[in-house]
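Everything below concerns the one structure shown next.
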Amino acid sequence: MTGRNATPSALASLLRDAPSNWGRWAAPHDETGALNHLDSTQVLRAAGAVKQGRVFTLQMPMGEASLELMHPSRRPAEHSMVQDRQSYVDGTAQPADGGLEWADDTITMHLQGTTHTDALGHAWYDDAIWNGQPAQSTNGQMRYASVRPLADRGIVGHGVLLDLARHRGKDTLGPGETFDHEDLIRCADNQGHSITHGDILVIRTGWAAYCREHPEALNGLNEPGLVYSRELAHWFKDMNIPVLVTDTIANEATHHGSGVTFALHGALMRNLGIVFTELADLEDLAADCARDRQFTFLYAAAPLKITGATGSPTNPLAVK
């Protein structure tokens, strides 16, 4: 998430009664936030959701600009070959003893320019990031609450797909279309299950698939999604939600309606330590869940161990 936010005082005013998890885990040094909910009991519960042995990867392709979605301030990944067969033809590379040849390449990218996991220190207001650490700790690199602690821990838990688009009888939610925690509960009920404490929420809006076909829809960045309320924030805290995953750029409706944008980055990420994974490719998983009516699965994701980074590409796995 990157954008022109309202002034910090406006966001602070909106969130003045919002719940907080600051100091809940190993204060003041905790850097993994709500991932602390994902203990061995939750991992074993997730393993119990595996019924068929079917695996779905949830990352969007990289290196194909037409398939990459991202915030307008970011650029597609630039993939380059630095050594290939032509290098040997040209004589710029030599085979190893015995004749082995090999290719080599590089990639330059925004770390949040594909399906990615945000560091807990990625977004803030009032000069304080997750757990009350100073925002100045982001200068140069993330010295606190970077993506590295999330990557060192790994993310494994009981995932639940909430297909809001199908729930509302649509291929995709429309620009600016909103929903709240009560809608999530109703969606789960309609799908034949419930949301339980510690669940990883994987929310499909259909927006990413729509934007691939209609890239002009990204203009203005008016995404559908969750919208802040005090009740919603308390529900996320009370339910011990560790991770929020969606198929949108920012995991929330862009505009709150009060002059504040990206309010949930403050309420859920900064204040509650909930880990955001954005721009997931949920189409194949959603189609399969609609077919067999199994909407729960083992969810596993491993961000790259990049020291000091604000986020990392991630290829989440859903195992049914």
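Small disclaimer: the values here were computed from a predicted structure and weren't measured.
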Salt bridge flag under 4.0 Å for residues Asp39 and Arg45: no
Are Ile185 and Val227 in one and the same hydrophobic cluster, where Ile, Leu, Val, Met, Phe, Trp and Tyr link if side-chain heavy atoms are under 4.5 Å apart? no
dist Leu221:CG -> Ile249:CD1 (nearest 0.5 Å) comes out at 5.0 Å
For a side chain to side chain contact (heavy atoms under 4.5 Å, CB included) with Leu201, tell me which candidate from Val245, Leu184, Leu226 qualifies. Leu184
Parallel, tilted or perpendicular, as decided by the 30° and 60° cut-offs, for the rings of His265 and Phe262: perpendicular
Taking all heavy atoms of Glu31 and all of Leu120, pick out the closest pair and write down the distance. O-CD1, 3.7 Å
When rounded to the nearest 0.5 Å, the distance separating CZ of Phe56 from CG of Leu282 is 11.5 Å
Describe, in one word, how the ring planes of Trp102 and Tyr88 are oriented to each other, choosing from parallel (under 30°), tilted (30 to 60°) and perpendicular (over 60°). perpendicular
Using the rule that two of Ile, Leu, Val, Met, Phe, Trp, Tyr join whenever any of their side-chain heavy atoms come within less than 4.5 Å, decide whether Trp22 and Ile274 are in one cluster. yes
Check Lys51 with Asp292, please: is the shortest side-chain N to carboxylate O separation under 4.0 Å? no
Please determine whether a side-chain nitrogen of the Lys or Arg among Arg168 and Asp183 lies less than 4.0 Å from a carboxylate oxygen of the Asp or Glu. yes
Could you state the interatomic distance from CH2 (Trp207) to CZ (Arg212), rounded to the nearest 0.5 Å? 14.5 Å
If hydrophobic residues (ILVMFWY) are linked whenever their side-chain heavy atoms come closer than 4.5 Å, directly or via other members, who joins Val156 in its cluster? Val43, Val50, Val55, Leu298, Leu317, Val319
One thing to verify: whether Arg291 and Asp288 come together as a salt bridge, which I'm taking to mean a side-chain N less than 4.0 angstrom from a carboxylate O. yes
Could you tell me the separation between the CG atom of Asn315 and the OG1 atom of Thr117, rounded to the nearest 0.5 Å? 10.5 Å
